[in-house]
Student: 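My structure is below; once you've seen it, I'll send some questions.
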Amino acid sequence: MARIAVIGAGMGAMATAARLAVAGHRVTVYERAATYGGAVGRFERDGFAFDTGPGLLHLPAVYRDLFVKTGKRPLEECAELTQVDPAARHLLADGTAVTLPNASRGGVAAVLDQAFGPGSGDRWSGVLGRARDAWDATRRPLLEEPLWPDWQVLGRDPYPALRGSGLLRRRPPTLAEMAGRELGGPLAALLEAMVLGHGVDPRTAPAAAVVLPYMEQTFGSWYVRGGIRELATAVYERCRERKVEFCFGAPVREVLERDGRAAGVLLADGTRVEADAVVCGTDPRGLLVPLLPGALPWPADAAPPRTEALSRSTLFLALRGPRPGDAVHRTVVHSPDARPVTVLRPDDPAGRPDADHEAVTVSAVCTGAGVPAGELLAAAERAVPGLRERLLWREEHTPADVARDTGAVDGAVPPPALAGAGGRWLYPANATALPGLYLAGGWAHPGGGLAHAGMTGALVAGLIVEGAGFRGSQ
Ligand SMILES: Cc1cc2nc3c(=O)[nH]c(=O)nc-3n(C[C@H](O)[C@H](O)[C@H](O)COP(=O)(O)OP(=O)(O)OC[C@H]3O[C@@H](n4cnc5c(N)ncnc54)[C@H](O)[C@@H]3O)c2cc1C
């Protein structure tokens, strides 16, 4: 039985902790905040409650697997998952509204044909079909396996972009360029908004980012009754069942090193904790880099740490009056001169004081500078008619709040890893150059987002339990 110190109680770190505890290790999580979950928090006021992080879950299979591997009760017995159908309503910049059904390729094609003319559905299905090829080619290396030593091969874009009209290209297209050429007009706007929703800028991302809409359309969008925070609670409780110990209010200042190995952690209050292995589940830029000067914890030939990631601006709206029966859970509001804004209206009594009130969450992917609350509110008004007259109060959550919740520099929210673009969208491997030090959570391979960060748990636990030869669990 090894002693393992885990830094942070985010989803990736907790998923790692539960798996290591099942393997017989003594695991202690050191979390600087007073609670678990990191980005997956909850804001409560006057009987209203809002998720402060993700509002939807994609690829629930990652958490189903975690629960199967760590105990007797499956995920469905620990949290109530429901499919969100329709998956989303898009209000396009020209005023057109399109409502896309959940996890239905044929249904989506039919809706697009109706909205934008015959052939639109086929064009969309063509792109999503090629996305499936990219997904099949990269699902294992970009989700289920530790980062390949020859990760450079993942720098090639697996999306089989259609050849342009004789135009000789010096580099593979970005997602936005591919969408413009293969879809154009409103279909391209839809695809770009779906990619941006994952925190990936379509103007700089490789075309392979199309695997993200593919993932949504194929495996569906899910909500957890009571809020996504309930998923964090379920994972935390599973950790506790497996005897993982949690120390809250315990910021880690340094990773201790002895004889060329990670040997424990130094807490901010000066406490030294000895451990046989250390798992860092936080933005390593804030912690490890300054503390191991000259000895970056990833090999020189490893995928470099990602430094750019977009953040989120969010508005929580408390409304008087009941949620209309025909309200859609997720509306994406497009505009010609600003980024799309997502409006979430879950039909969940846990989020409101009573049936005569409604809780609405409005958010946008943004840089660290954030989006003005007025801009978010104006977009929300297009999705929720009469919103201003119904507004009781609003609460703003800025990138600075994200930084407070996660510890990430500038409140950055790391997106999933992507193939293509020469490897610029990859993350450092989970095993570092310092033996005994591992990286979990959204800043390590295979990147951020609930599902991908959850997978770091399987990868890090596999590397610690089975050793460096671990090649994935499937
Ligand atoms: C506003 C917002 C919206 C999002 N929307 C989506 C979405 O729609 N879909 C999706 O899939 N994902 C989304 N995400 C991302 C998703 O929530 C995360 O990728 C996922 O929760 C995994 O997080 P993590 O494991 O990297 O840990 P994090 O959530 O980053 O948590 C890190 C933890 O480490 C702690 N910590 C930091 N430094 C220290 C230290 N020195 N010592 C001790 N503890 C420390 C922090 O307090 C925190 O608890 C969103 C995130 C945010 C913030």
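Heavy-atom basis, side chains included; hydrogens, waters and symmetry copies ignored. Numbers here simply count residues along the sequence, with the first being 1. This structure is a prediction, so every number in the text was calculated from the model and none was measured.
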Student: Any side-chain to backbone donor/acceptor pair from Asn430 onto His445? Under 3.5 Å, distance only.
Tutor: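 Yes; at least one donor-acceptor contact below 3.5 Å.
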Student: What orientation do His397 and Phe316 show, parallel under 30°, tilted 30 to 60°, or perpendicular over 60°?
Tutor: tilted
Student: Stepwise, does the side chain to side chain contact (heavy atoms under 4.5 Å, CB included) test hold for Leu426 with Leu142?
Tutor: CA-CA 9 Å; Leu426 298 174; Leu142 285 188; 3.7 Å; yes
Student: Can a donor-acceptor pair be found, under 3.5 Å and without considering hydrogens, that links the side chain of Ser311 to the backbone of Gly411?
Tutor: yes
Student: Within the 4.5 Å heavy-atom criterion, are Ile4 and Ile464 side-chain neighbours or not?
Tutor: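 Yes - at least one pair of side-chain heavy atoms lies under 4.5 Å apart.
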Student: Report yes if the side chains of Arg238 and Met14 come closer than 4.5 Å at any heavy-atom pair, otherwise no.
Tutor: no
Student: Using the side-chain hydrogen bond (donor to acceptor under 3.5 Å, both in side chains) rule, take Ser221 and Arg330 through it: C-alpha gap first, then chi angles, then the decisive distance, then the call.
Tutor: CA-CA 10 Å; Ser221 297; Arg330 169 170 56 170; 3.2 Å; yes
Student: Quick one: does Asn102's side chain have a donor or acceptor within less than 3.5 Å of a partner on Gly220's backbone?
Tutor: no
Student: Between Glu254 and Leu256 (side chain of the first, backbone of the second, donor and acceptor by atom type, cut-off under 3.5 Å), is there such a pair?
Tutor: no
Student: Parallel, tilted or perpendicular: which one describes the rings of His357 and Phe48, with boundaries at 30° and 60°?
Tutor: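 Geometry flag for Phe48 against His357: perpendicular rings.
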Student: With side chains defined as the heavy atoms from C-beta onward, is the minimum distance between Leu459 and Pro446 less than 4.5 Å?
Tutor: yes
Student: For Asp276, is the CG atom crowded, meaning more than 12 foreign heavy atoms sit under 6.0 Å from it?
Tutor: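 Yes, CG of Asp276 has more than 12 neighbouring heavy atoms, counting only those of other groups under 6.0 Å.
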Student: Do Leu143 and Trp135 come close enough that some side-chain heavy atom pair is under 4.5 Å?
Tutor: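 SC-SC contact between Leu143 and Trp135 confirmed.
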Student: Taking everything shown except Arg89 itself, do over 12 heavy atoms lie less than 6.0 Å from its CZ?
Tutor: yes
Student: Is the distance between the ring centroids of Tyr63 and Trp222 less than 6.0 Å?
Tutor: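 No: the rings miss the under 6.0 Å criterion.
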Student: Closer than 3.5 angstrom, by distance alone: can the side chain of Arg253 be matched with the main-chain N or O of Ala268 as a donor-acceptor pair?
Tutor: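 Between the backbone of Ala268 and the side chain of Arg253 there is a qualifying donor-acceptor contact (under 3.5 Å).
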Student: Roughly how far, to the nearest 0.5 Å, is the CG atom of Asp401 from the OG1 atom of Thr406?
Tutor: 10.5 Å
Student: Hey, could you give me the NE2/NE2 distance between His334 and His90, rounded to the nearest 0.5 Å?
Tutor: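 Nearest 0.5 Å value for the NE2-NE2 distance: 5.0 Å.
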Student: Looking at Ile228, Val224, Thr233, which hits side-chain contact (heavy atoms from CB on, under 4.5 Å) with Val40?
Tutor: Ile228
Student: Taking the side chain as every heavy atom from C-beta outward, state whether Asp201 and Arg203 have any atom pair closer than 4.5 Å.
Tutor: yes
Student: State, yes or no, whether a side-chain contact exists between Trp425 and Pro415 at a heavy-atom distance under 4.5 Å.
Tutor: yes
Student: Please report the interatomic distance CG(Leu75) to CG(Leu81), rounded to the nearest 0.5 Å.
Tutor: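 One finds 5.0 Å between CG of Leu75 and CG of Leu81.
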Student: Hey, what do you get for CD (Glu396) to CG (Leu317), rounding to the nearest 0.5 Å?
Tutor: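 Glu396 CD to Leu317 CG: 11.0 Å, rounded to 0.5 Å.
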Student: Looking at Arg225, I want to see if its CZ is surrounded by more than 12 non-hydrogen atoms of other residues, nucleotides or ligands under 6.0 Å.
Tutor: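 For Arg225, atom CZ is crowded (more than 12 foreign heavy atoms under 6.0 Å).
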Student: Under the side-chain hydrogen bond (donor to acceptor under 3.5 Å, both in side chains) test against Tyr223, which residue among Asp347, Asp51, Asp348, Thr82 passes?
Tutor: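 Going through the options one by one, the only one that passes is Asp348.
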Student: Evaluate Glu466 against Arg471 for side chain to side chain contact (heavy atoms under 4.5 Å, CB included), listing each step before the verdict.
Tutor: CA-CA 9 Å; Glu466 292 185 28; Arg471 286 283 160 266; over 6 Å; no
Student: Check whether any side-chain heavy atom of Arg3 lies under 4.5 Å from a side-chain heavy atom of Arg26, and answer yes or no.
Tutor: yes
Student: Would you say the side-chain atoms of Arg345 pair up with the backbone N or O of Arg323, donor to acceptor, closer than 3.5 Å?
Tutor: no
Student: Is it true that atom CZ of Arg390 has more than 12 heavy atoms of other residues, nucleotides or ligands lying nearer than 6.0 Å?
Tutor: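 Counting neighbours around CZ of Arg390, more than 12 heavy atoms of other residues, nucleotides or ligands fall under 6.0 Å, so yes.
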Student: Distance to the ring centre below 6.0 angstrom and angle to the axis at most 45 degrees; does that hold for Arg229 and Tyr36?
Tutor: yes
Student: Are Ser313 and Pro399 packed together at the side-chain level, in the sense that at least one heavy-atom pair is separated by less than 4.5 angstrom?
Tutor: yes
Student: Donor-acceptor pair, Thr282 side chain versus Gly8 backbone, under 3.5 Å?
Tutor: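 Flag not set: sc Thr282 to bb Gly8 has no pair under 3.5 Å.
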Student: To the nearest 0.5 Å, how far apart are SG in Cys366 and CG in Leu310?
Tutor: 7.5 Å
Student: For the atom pair OH (Tyr214) and CG (Leu191), what is the distance rounded to the nearest 0.5 Å?
Tutor: 14.5 Å
Student: Would you call the rings of His58 and His198 parallel, tilted or perpendicular, where under 30° means parallel and over 60° means perpendicular?
Tutor: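 The rings of His58 and His198 sit tilted, inter-plane angle from 30° to 60°.
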